[in-house]
Amino acid sequence: MEEAATRLASVLAHAVTLGVDLPTLPSVRLLEARVRPPHRFHAFLYFLAGVATVTLAVAYSLQLHTHAGLARAILRWKGYDIHNEKCAMSIPDRMASWLRPTEDCSICKGLSQVDSVADISPEEFEERYAYSGRPVVIRDGTNAWPGRQVMSFKFFQKLYNGSIDQIACQFFPYESGFNSLREVLSMDEARAQLKDGTKPWYIGWSNCDNQVAHILKEQYSRPYFLPETSENKKVDWIFMGSPGYGAKMHVDSVSHPSWQAQLRGRKKWTLQPPPECIYHCNTLEVVVSPGEIIVLDTNRWYHQTMILPGEMSITIGAEYD
């Protein structure tokens with residue numbers, strides 16, 4: 001463009017020396033306007049327009065014009081990858097229960113007690129209980145499990161010796177006063193053995209140690225009644241404590257329904273329907289005894305537990321999909 005303007009100016013200047021006043025002609029003025037180099041300000045405007053076009057194209061591709069896209073971009077800028085993180089941010093458990101989606105009351109309508117069954121096939125279990133949200137106790141759920149005779153307080157002391165700092169993904173002290181699993185397994189012998197005059201206790205944890213998980217799997221097998229297409233999740237949940245203690249009424253925030261096998265002691269479960277179903281459903285109670293497995297969607301049912309008089313309660317469980 002600049003070369004054309006220079007050549008045109010040279011031609012016009014030469015015409016003037018010859019006595020021809022070409023610059024005054026309208027057609028020449030029009031030609032000059034077309035080949036004249038853009039003003040610097042105009043060039044800057046063209047540059048801004050190009051930048052704006054590219055910016056808008058990128059913003060649209062990232063969906064920054066939507067709330068979700070803008071939030072995703074901000075979280076990435078803050079260092080969060082919401083596709084790989086379980087949670088973009090943590091919120092208190094109480095608030096999580098407030099923000100949970102409204103529940104379908106079909107999980108509890110018409111129930112006056114928790115079903116208790118035995119010798120149930122995986123097909124029947126899947127049809128009636130696996131994903132319906134209706135709780136059930138499987139009376140013969142732990143038949144032939146070595147863990148029924150093996151698992152004890154001393155068993156876990158020996159099992160976690162040397163790897164105790166790595167094993168608890170989550171530790172639940174409830175109201176026992178313990179701060180870690182190390183403190184639990186280091187308590188004095190009298191309290192561990194529930195001697196008269198000692199303070200009762202109840203705790204729970206999820207196992208994250210692969211070596212420990214391998215040994216635990218030798219003590220129990222995949223529950224026989226789970227559907228063949230379901231997968232038992234790798235993380236083991238263990239709950240242990242003395243009579244008179246348990247977990248207060250709460251609802252969980254986990255990914256799937258779960259099963260919990262009662263290996264020692266007896267535990268009473270109290271199940272309350274979600275608040276929106278309180279006028280349509282009943283509060284349920286069931287006692288789970290050694291050898292039995294309770295299957296419950298703890299994300300949907302509010303629940304509390306209480307260990308009944310007798311020996312220490314030990315349970316193990318996991319989620320399934």
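Scored by the salt bridge (charged side-chain N to carboxylate O under 4.0 Å, His left out) test, Lys154 finds Glu189 as partners (sequence neighbours excluded). For Tyr245, the side-chain contact (heavy atoms from CB on, under 4.5 Å) partners at least two apart in sequence or on another chain are Lys199, Pro200, Tyr202. Met312 is linked by a side-chain contact (heavy atoms from CB on, under 4.5 Å) to Phe153, Leu194, Trp201, Met240, Ile314, counting only residues two or more places apart in sequence or in another chain.
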TODO: Just do the ring pair (Phe, Tyr, Trp, His ring centres under 6.0 Å) check on Trp205 and Phe156 with the steps written out, would you?
DONE: CA-CA 12 Å; Trp205 74 94; Phe156 287 107; 5.5 Å; yes
TODO: Report the C-alpha separation of Ile138 and Trp259 in whole Å, then their side-chain angles, then the decisive distance to 0.1 Å, and conclude whether the side-chain contact (heavy atoms from CB on, under 4.5 Å) test is met.
DONE: CA-CA 10 Å; Ile138 313 295; Trp259 57 267; over 6 Å; no
Task: Trace of the side-chain contact (heavy atoms from CB on, under 4.5 Å) decision for Phe171 with Glu183 - done: CA-CA 11 Å; Phe171 174 72; Glu183 289 186 13; over 6 Å; no
TODO: Could you walk me through whether Cys108 and Cys281 pass disulfide bond (SG atoms under 2.5 Å apart), step by step?
DONE: CA-CA 6 Å; Cys108 55; Cys281 304; 2.0 Å; yes
- [ ] Give the intermediate values and the outcome of side-chain contact (heavy atoms from CB on, under 4.5 Å) for residues Ile238 and Leu216.
- [x] CA-CA 10 Å; Ile238 301 101; Leu216 286 175; 4.2 Å; yes
Open item on the list: side-chain contact (heavy atoms from CB on, under 4.5 Å) for His250 and His303? Distances and angles first, verdict last.
Closed with: CA-CA 6 Å; His250 66 286; His303 54 285; 3.1 Å; yes
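A distance-only check finds no donor-acceptor pair linking the side chain of Ser313 to the backbone of Gly265 [under 3.5 Å]. Counting only distance, with no hydrogens or angles, the side chain of Glu319 and the backbone of His256 share a donor-acceptor pair below 3.5 Å.
When every heavy atom of Ser289 is checked against every heavy atom of Arg266, the shortest pair comes out as OG-CD, 3.9 Å. In this structure, Tyr302 and Pro273 approach most closely via the heavy-atom pair CD1-O, 4.2 Å. The shortest heavy-atom contact between Ala130 and Pro227 is CB-CG, 4.1 Å. Across all non-hydrogen atoms, the minimal contact from Glu276 to Cys105 is O-SG, 3.9 Å. Taking every heavy atom of both residues into account, Pro243 and Glu311 meet most closely at CG-O, 3.9 Å.
The closest side-chain donor-acceptor pair between Tyr224 and Asn143, if any, does not fall under 3.5 angstrom.
Residues Val287 make up the rest of the hydrophobic cluster containing Leu308, defined by ILVMFWY side-chain heavy atoms closer than 4.5 Å, directly or through other members.
Residues Lys248 and Tyr174 fail the side-chain proximity criterion, which asks for heavy atoms closer than 4.5 Å. The shortest distance between side-chain heavy atoms of Arg182 and Tyr160 does not fall below 4.5 Å. Between Gln193 and Thr198, the closest side-chain pair of non-hydrogen atoms is not below 4.5 Å. Between Trp237 and Ser258, the closest side-chain pair of non-hydrogen atoms is not below 4.5 Å. Counting heavy atoms from C-beta on, the side chains of Ile107 and Asp297 never come closer than 4.5 Å. For the pair Pro290 and Arg264, the minimum side-chain heavy-atom distance is 4.5 Å or more. Considering only heavy atoms from C-beta on, Phe125 stays 4.5 Å or farther from Val117 through its side chain. Under the 4.5 Å side-chain criterion, counting only non-hydrogen atoms from C-beta, Ser230 is in contact with Tyr131.
Counting non-hydrogen atoms of other residues, nucleotides and ligands closer than 6.0 Å to CD of Glu175 gives a total of 12 or fewer. Within a 6.0 Å sphere centred on CD of Glu228, other residues, nucleotides and ligands contribute 12 heavy atoms or fewer. Annotation for Asp104: atom CG counts as buried by contact number, over 12 foreign heavy atoms lying within 6.0 Å.
Among residues at least two apart or in separate chains, there is no salt bridge (Lys or Arg N to Asp or Glu O under 4.0 Å) pair with a member in residues 278-292.
Partner of Ile293 under the side-chain contact (heavy atoms from CB on, under 4.5 Å) criterion, out of Thr142, Ile316, Val136: Thr142 alone.
Gln219 contributes atom CD, which lies 5.0 Å from atom CE of Met151 (distance to the nearest 0.5 angstrom). Here CG of Leu271 is found 11.5 Å from CG of Asn282. Values are rounded to the nearest 0.5 Å. Rounded to the nearest 0.5 Å, atoms CZ (Arg134) and OG (Ser106) are 8.0 Å apart. Atom CD1 of Ile203 sits about 10.0 Å away from atom OG of Ser180, to the nearest 0.5 Å. Atoms OG1 and CG, on Thr270 and Leu284 in that order, are 9.5 Å from each other to the nearest 0.5 Å. The CE atom of Met187 sits 3.5 Å away from atom CZ of Phe178, with the distance rounded to the nearest 0.5 Å.
Residues Val251 and Met306 do not share a hydrophobic cluster, defined by chaining ILVMFWY side chains whose heavy atoms lie under 4.5 Å apart. Both Val150 and Leu185 are members of a single hydrophobic cluster when ILVMFWY side chains are connected at heavy-atom separations under 4.5 Å. A continuous path of ILVMFWY side-chain contacts below 4.5 Å connects Leu296 to Val137, so both sit in one hydrophobic cluster. Placement of Leu181 and Leu159 within a single hydrophobic cluster is found when ILVMFWY residues are connected by side-chain heavy-atom separations under 4.5 Å, directly or transitively. In the hydrophobic cluster analysis, where Ile, Leu, Val, Met, Phe, Trp and Tyr join through side-chain heavy atoms closer than 4.5 angstrom, Tyr220 is grouped apart from Val288.
Electrostatic pairing of Asp236 and Lys217 counts as a salt bridge here, judged by a charged N lying under 4.0 Å from a carboxylate O.
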Listed pairs under 3.5 Å, donor-acceptor, residues 109-116 side chains, sequence neighbours left out:
| unit_1 | atom_1 | unit_2 | atom_2 | d |
| --- | --- | --- | --- | --- |
| Asp115 | OD2 | Tyr129 | OH | 2.7 |
| Ser116 | OG | Arg139 | NH1 | 3.1 |

